[in-house]
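In this text the structure is predicted, and so the values were computed from the model without any measurement. We name chains A, B, ... by the order of the sequence lines, and we start the count at 1 in each one.
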Amino acid sequence: KQEVTQIPAALSVPEGENLVLNCSFTDSAIYNLQWFRQDPGKGLTSLLLIQSSQREQTSGRLNASLDKSSGRSTLYIAASQPGDSATYLCAVRKSSGDKLTFGTGTRLAVRP
Amino acid sequence: DTEVTQTPKHLVMGMTNKKSLKCEQHMGHRAMYWYKQKAKKPPELMFVYSYEKLSINESVPSRFSPECPNSSLLNLHLHALQPEDSALYLCASSQRTGFWEKLFFGSGTQLSVL
């Protein structure tokens, strides 16, 4: 059974700092990995999707990398802003079937 | 239009009530999903519809009954729920159920069962 873990569970940083969020998965036979952000009590917003054949994806201040063989992905946020405060979830899609398995999430707080 | 719209945003119901959650998208997506999310936990998949047909049921209790009347709409009918069913219910859609598809989520319905 695929298990997805995110470390740290919570993170508080001052504004302007660069930071890295980690995602680990136990079964490396994935097709893609997606990063989402979720504001409290709200739905999920897709940030980046990395196919299994890709190593990284970039969107603005966000960069996501994927190392399938080691079962790891990182989300790099440059020059963090208070508006980046949210819970960040990674999710992997299994090698068969349609299920998206979510990680445990990292709650990020960016202090002004 | 790149939105998935869910109504209502909040719902309070008793254990004997019957209610429905609604989800709508106009992106031409042919796959739609229901997820359940408890506080401070990741979303858990409940159902997947592909081309208006139920393709995945993650062993969800029968008090939850999904319905996909057309390619743009997805309903979740609720009956005789328990207090432990209180959660945020999220709808999502994707173009298809292919492994490469990006999911788009609605803002959710916060359900409280009394």
Are [Y] and [X] linked, directly or through intermediate hydrophobic residues, by side-chain heavy-atom contacts shorter than 4.5 Å (ILVMFWY only)?
X	Y	answer
B:V60	B:Y49	yes
A:L21	A:L62	yes
A:I7	A:L66	no
B:L74	B:L54	yes
B:L78	B:V12	no

A:Q38 portion near chain B, given a 4.5 angstrom heavy-atom threshold: side chain

Determine the minimum heavy-atom distance between [X] and [Y], stating which atoms define it.
X	Y	value
B:P42	A:F102	CB-CB, 3.6 Å
B:L90	A:K42	CD2-O, 4.4 Å
A:L44	B:Q37	CD1-OE1, 4.4 Å

Atom pair CG (A:L100) and OG (B:S94), whose distance is rounded to the nearest 0.5 Å: 9.5 Å

Chain A: which of B:Q6, B:K41, B:K40, B:E58 shares the most heavy-atom pairs with it under 4.5 Å?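 Sorted descending by pairs with chain A, the first entry is B:E58.
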
Check whether more than 12 heavy atoms from other residues, nucleotides or ligands sit under 6.0 Å from atom NZ of A:K68, and answer yes or no. yes

Between A:R93 and B:L103, is there a side-chain heavy-atom distance shorter than 4.5 Å? yes

